[in-house]
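Worksheet: the structure to be examined is printed underneath.
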Amino acid sequence: MNLALPLRDYRTPFLLTGLSTSLVAAVLLSLATGAVSIPVNDVALIFLHKLGLFQHVPVDDVYDLVLTSIRLPRILMTVLIGASLGVSGAALQALFRNPLVEPSLIGVSGGSASAVVLVIVFGGAWAIAPGHWLYNSVLQLTAFGGGIVATFIVLRLSSQLGQTNIAVLILSGVALNALSGAIIGLAIFYADENQLRTFTFWTLGDLGGATWDKLLVAGPLLVGSCVALLFFAPALNVLALGEAEAYHSGANVERVKKQVIALTALAVGISVSLSGIIGFIGLVVPHVIRLGLRPDNRLVLPASVLGGALLLVLADIVARTVVTPSELPIGVVTALVGAPFFIGLLLRAKRKHEL
Amino acid sequence: MYQATNISYRIGEKQLLHNVNLTVVPGKFTAVAGPNGAGKSTLLKTLAQEHRNYQGEVLVNGKSARVYSPRELSLVRAVLSQNTTISFAFTVQQIVELGRHGHRSTRRENDDIVDEVVALTGLEAFRDRSYLTLSGGEKQRVQLARVLTQVWEETLFPRYILLDEPTSSLDIAQQQLIFALAKKACSRNIGVMAIVHDLNQAVQFADDLYFLRAGKIIASGEAHVVFTKPVIEETFCCRVNIYRDPCNNCPYIIPERETFSEPRSVAINL
């Protein structure tokens with residue numbers, strides 16, 4: 001892949017710095033708001049304390065506890081999941097050569113979710129129960145597996161002579177989502193009272209379960225898969241010409257496809273295992289970025305990392321504040337924004353006779 | 001040379017190519033003509049290594065094409081497929097730059113090559129236009145520019161471009177332009193192989209001409225020698241008359257009206 005090609009867009013640095021600054025601001029705002037609101041200067045003070053500075057200024061213990069053991073892991077997880085979903089959406093759109101693709105829409109998230117649900121309900125039979133030291137890893141691994149299987153099925157179903165048949169693609173998504181809905185329904189049928197409540201929130205997306213323990217394994221994996229996906233930008237650019245053309249241009253198409261599918265399934269699968277299904281981030285973010293700028297993936301992918309994180313942090317602030325002290329499921333918030341956006345895209349595509 | 005030796009290719013029971021021998025010589029324009037379904041595109045895809053489970057051997061500059069990696073092969077040959085659809089709003093400049101994907105050249109070298117090809121193909125005014133807003137002829141010119149960019153720089157080894165009906169659905173001016181550009185590439189030690197639908201264009205531009213029917217080469221040779229009434233009638237099962245352009249003595253054909261001849265079994269020796 002040739003990295004010596006210029007990006008040729010003077011807005012690139014502005015966009016990336018703008019997104020980074022907004023993300024930092026949103027994270028600070030998110031740390032300060034919630035059922036217990038913590039003034040921003042106290043937030044700063046607590047961080048300085050951890051670094052061994054300003055020890056003579058007293059810190060409110062409640063603030064400290066809320067911030068370090070509840071809010072910080074939650075917001076870190078939100079950032080990582082938002083980034084993963086954003087960049088996975090952008091990468092899958094490039095891979096399928098269609099801007100309407102999104103992990104939850106084409107059934108990748110559903111594949112991961114049904115795998116996770118099966119482990120939660122039936123894992124007890126193999127002594128894999130909450131509390132077991134391997135429990136979280138097993139959940140994440142099966143989520144990854146479910147995501148990979150779903151992506152391969154969709155890719156096989158929807159590709160015709162190296163081109164993506166968009167009707168078949170969307171319908172495969174419908175079929176896979178119906179199937180994973182059935183599997184989740186089946187699991188719910190066998191679930192006990194406790195699991196039942198967990199599922200209901202989890203299938204709507206839930207960022208509330210974040211702990212440092214969970215992030216220990218999941219965090220590096222999410223960061224790793226996001227960063228790795230960025231390196232595929234040149235290959236995904238040339239793939240926009242079509243699979244045969246990408247091969248003629250020197251790309252190892254089969255390898256690129258497999259690696260991008262594995263990485264997106266990893267990013268989406270781990271995200272789903274942490275927070276359930278959060279839809280539309282991967283659809284909205286790359287789209288908004290492409291609206292202003294050209295679809296060069298060397299720009300769209302990193303901007304989707306930042307944009308995805310930003311959007312999910314903002315959505316999380318909304319979810320936590322509109323009905324305090326309770327909170328809305330995050331999936332409800334993203335779907336309320338994302339679904340009308342998707343309908344708008346469909347209308348536009350229909351008007352341009354692209355469907 | 002880009003050489004197909006005894007290429008056979010089948011999908012299931014269907015034999016699409018049958019012992020095909022073809023040579024693309026650097027600096028020459030080689031055209032392949034034949035009726036629909038003759039296996040022309042299959043031949044091109046086999047040469048390009050898009051189909052790999054063929055029998056026989058494809059030799060690229062004396063080395064078996066099978067041992068080249070996709071990247072190595074992309075430095076030697078570029079391919080223009082029949083229809084390239086793009087669903088993202090890349091600019092013309094970006095599409096042409098994609099031709100440099102497999103190269104390890106510096107930004108400056110890339111820019112120089114892209115600039116040169118963009119000027120040659122008359123695309124300067126379109127550089128920043130979205131590819132999606134272009135007309136069919138403009139799109140095809142952009143794709144040709146991308147393909148030329150891929151093999152444009154002078155190297156020690158000869159390069160090749162393979163064009164699959166590059167002018168289908170273009171008006172005559174655009175058609176002439178595309179072929180003239182391909183012909184220009186020949187002067188840079190590039191061998192051009194093109195599937196050409198219009199026989200008159202084939203004989204006008206080609207140095208070597210191959211006639212393909214039902215996966216077999218019916219006749220091949222120097223364009224002006226092999227372009228004869230019996231060969232064309234045998235290939236296309238259609239009666240034609242050959243005339244000569246009074247200005248440049250180039251032959252051209254006009255098919256006869258409403259006559260169908262049965263495929264003849266006479267062997268044609270040239």
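Note on naming: letters A, B, ... go to the chains in the order of the sequence lines (proteins, then strands), and numbering restarts at 1 for each one.
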If I measure from the heavy atoms of chain A, does [X] come under 4.5 Å with its side chain, its backbone, both, or neither?
X: B:Arg77; result: both
X: B:Leu73; result: side chain
X: B:Gln150; result: side chain

Any side-chain heavy-atom pair of [X] and [Y] under 4.5 Å:
X: B:Gln49; Y: A:His248; result: no
X: B:Thr85; Y: A:Arg97; result: yes
X: A:Glu245; Y: B:Arg146; result: yes

Which atom of [X] lies closest to which atom of [Y], heavy atoms considered:
X: A:Ala240; Y: B:Ile86; answer: O-CG1, 3.7 Å
X: B:Ser74; Y: A:Ser249; answer: CB-C, 3.5 Å
X: B:Glu50; Y: A:Ala244; answer: OE2-CB, 3.4 Å
X: A:Pro295; Y: B:Ala89; answer: CD-O, 3.1 Å

- Contacting region of A:Ala251 [heavy-atom separation from chain B under 4.5 Å]: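 Its backbone and side chain both get close to chain B.
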- Message: Check whether B:Thr84 reaches the backbone of A:Leu241 with its side chain - one donor and one acceptor, N or O, closer than 3.5 Å.
- Response: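 Such a contact is absent between B:Thr84 side chain and A:Leu241 backbone.
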- Task: Assess A:Arg290 against B:Phe90: is NZ or CZ under 6.0 Å from the centre of the six-membered ring, and within 45 degrees of the ring's axis?
- Result: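 Not satisfied by the 6.0 Å and 45° rule.
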- Query: Out of curiosity, B:Phe88 CZ to A:Leu236 CG, how far, rounded to the nearest 0.5 Å?
  - Reply: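 So the gap between those two atoms works out to 9.5 Å.
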- Just how far is it from atom CD of A:Glu243 to atom OG of B:Ser81, taken to the nearest 0.5 Å? 12.0 Å
